[in-house]
Structure formats: structure tokens, C-alpha cells
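Presented below is the structure to which this report refers.
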Amino acid sequence: MDQPVRADVWALGNLYEPYVGRWSRRVAREFLAWLSVPAGRDWLDVGCGTGALTQTILDLAEPRSVSAVDPSPGFVEYARAHVKDARAGAVGARATFAVGDAQSLPTTTATIDAAVSGLVLNFVPEPSQGVAEMARATRSAGIVAAYVWDYAGKMEL
């Protein structure tokens with residue numbers, strides 16, 4: 001008898017956020033300080049989840065725009081409802097959210113200044129394809145960066 005295929009399903013932002021979101025926000029602040037991307041740049045958040053890294057980019061990095069992508073419609077819905085852009089003004093929000101796959105990003109080639117991913121690449125079936133897609137979307141002088149859980153090192157980041 002065939003065994004059912006087990007798949008990780010992340011769909012409910014209100015359950016995920018207190019569990020992992022609190023860590024994502026803490027790490028995101030240090031990550032952005034380390035990257036030191038100049039203000040006014042276009043960002044891509046790959047695997048945005050509940051929007052922790054997207055929110056931190058809006059709060060600290062002074063972006064021109066942030067495109068956030070996640071494969072989970074539930075997470076994208078949660079992020080749209082909870083990520084707030086205090087500087088949006090009359091022009092509109094700088095952050096947009098879309099359902100999409102890290103291995104085939106819904107982004108035009110060479111239009112992003114900083115493509116980032118937080119706590120996601122461990123869950124992408126082909127992480128190298130995800131990184132290649134981030135690089136494809138990024139302008140030649142841009143930044144591609146990620147942080148992940150260190151499962152071998154006792155879950156330290």
C-alpha cells in the first residue's frame with residue numbers, strides 16, 4: 001500500500017505569527033542593518049510569509065517599493081491585512097503582495113535592487129533555483145541575500 005505524501009502546509013497567519021513571526025522580526029532588524037541598502041530602492045521579499053521581513057523593510061529601509069511573494073494564499077492574505085505602511089501617503093502603499101513560487105518568481109528580470117528571503121530557503125524544494133530566480137530579478141549592482149534556520153547547529157540563526 002502506498003504511503004501518503006506528507007507536505008508542509010503553511011496557511012494560517014494568525015497561528016504562525018506568534019510562533020515564528022516574533023523571531024523573524026528580531027532577525028530582520030539585524031539582517032537589514034547588515035545589508036545596509038541605501039534608501040529609495042526596490043525590494044523583493046521571497047517567501048514573505050506573514051510579512052515580518054516586509055514590515056521591517058518598510059519601517060527601517062526607506063524603500064521605494066517592496067514586492068512580497070509567498071506560495072501560501074493564507075499568508076499573503078494575512079500579510080496584506082497586517083503589514084502597514086506608515087509612509088505611504090497619497091501615492092499609495094509601497095508594498096504589494098502576490099501568491100507565487102520562489103522557483104519561478106512573478107517578477108520581471110533585472111528590476112529589483114535588493115532580493116531577500118528570511119527563514120524560507122530551507123523549505124524551497126530546489127533552494128538553488130530559488131536563489132537563481134532572486135538573482136534573475138535583481139539588477140546587476142543589486143543585492144541577493146537570505147538567512148535560514150541552522151538545523152545542524154541547534155536551530156541557531
Side-chain angles (χ1 to χ4, degrees), residues 7-35 37-127 129-139 142-149 157:
D8 289 326
V9 178
W10 303 94
L12 301 175
N14 60 330
L15 298 178
Y16 179 88
E17 182 61 23
Y19 178 63
V20 177
R22 63 192 174 113
W23 298 112
S24 298
R25 292 175 199 292
R26 294 176 90 184
V27 175
R29 295 178 76 80
E30 292 183 39
F31 180 61
L32 295 182
W34 178 71
L35 291 178
V37 175
R41 303 297 196 233
D42 296 310
W43 289 72
L44 173 63
D45 181 1
V46 177
C48 69
T50 57
L53 181 53
T54 302
Q55 184 69 67
T56 308
I57 293 167
L58 288 170
D59 292 345
L60 302 179
E62 299 180 41
R64 176 175 34 220
S65 68
V66 184
S67 298
V69 177
D70 197 274
S72 167
F75 277 4
V76 168
E77 180 181 330
Y78 183 93
R80 276 189 189 125
H82 291 87
V83 170
K84 303 299 179 206
D85 186 358
R87 297 184 190 154
V91 178
R94 294 175 292 170
T96 59
F97 297 90
V99 175
D101 184 347
Q103 299 168 113
S104 180
L105 291 168
T107 306
T108 305
T109 299
T111 56
I112 300 298
D113 297 302
V116 295
S117 182
L119 305 177
V120 171
L121 290 179
N122 299 75
F123 303 104
V124 175
E126 295 291 332
Q129 179 62 31
V131 172
E133 275 292 283
M134 292 169 70
R136 178 193 61 77
T138 304
R139 293 179 177 107
I143 292 174
V144 174
Y147 57 94
V148 297
W149 292 111
L157 292 172

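Gly47 and Val120 get closest at one heavy-atom pair: O-CG2, 3.1 Å. Taking all atoms of both residues into account, the shortest heavy-atom contact from Gly49 to Asp70 is N-OD2, 2.8 Å. For the residue pair Ser24 and Leu119, the shortest heavy atom distance occurs at OG-CD1, 3.4 Å. The two residues Leu44 and Ala137 come nearest to each other via the heavy atoms CD2-CB, 4.0 Å. Heavy atoms only, all atoms of each residue included: Ala28 and Thr56 are closest at CB-OG1, 3.7 Å.
The shortest distance between side-chain heavy atoms of His82 and Thr50 does not fall below 4.5 Å. The closest side-chain heavy-atom distance from Phe97 to Thr54 is below 4.5 Å. Looking only at side-chain heavy atoms (C-beta outward), Val69 and Pro106 come within less than 4.5 Å of each other. Side-chain contact between Pro63 and Leu58 is present, with heavy atoms from C-beta onward closer than 4.5 Å. Side-chain contact between Thr96 and Ser67 is present, with heavy atoms from C-beta onward closer than 4.5 Å. Contact annotation: the side chain of Tyr147 approaches that of Leu53 to within less than 4.5 Å [non-hydrogen atoms, C-beta and beyond].
Thr138 is linked by a side-chain hydrogen bond (donor to acceptor under 3.5 Å, both in side chains) to nothing, counting only residues two or more places apart in sequence or in another chain.
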* List the steps, then state whether side-chain contact (heavy atoms from CB on, under 4.5 Å) holds for Leu32 with Trp43. => CA-CA 12 Å; Leu32 295 182; Trp43 289 72; 3.6 Å; yes

* To do: For the pair Val116 and Ile57, evaluate side-chain contact (heavy atoms from CB on, under 4.5 Å) and give the outcome as yes or no after the intermediate values.
  => CA-CA 10 Å; Val116 295; Ile57 293 167; 4.0 Å; yes

* Stepwise, does the side-chain contact (heavy atoms from CB on, under 4.5 Å) test hold for Gln129 with Val124? -> CA-CA 9 Å; Gln129 179 62 31; Val124 175; over 6 Å; no

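With rounding to the nearest 0.5 angstrom, the CZ atom of Arg25 is 6.5 Å from the CD atom of Gln55. Residue Arg41 holds its CZ atom at 13.0 Å from CG of Leu35, rounded to the nearest 0.5 Å. Between Ser117 atom OG and Asn122 atom CG the span is 9.0 Å, to the nearest 0.5 Å. In this structure, the separation between CG on Asp59 and CZ on Arg87 is 7.5 Å, given to the nearest 0.5 Å.
A side-chain hydrogen bond (donor to acceptor under 3.5 Å, both in side chains) check over residues 106-116, counting only residues at least two apart or in different chains, returns the pairs Thr109-Arg136, Asp113-Arg139. Sorted pairs that involve residues 74-84 and meet salt bridge (charged side-chain N to carboxylate O under 4.0 Å, His left out), not counting sequence neighbours, are lacking altogether.
Heavy-atom contacts from other residues, nucleotides or ligands closer than 6.0 Å to CZ of Arg29 number 12 or fewer.
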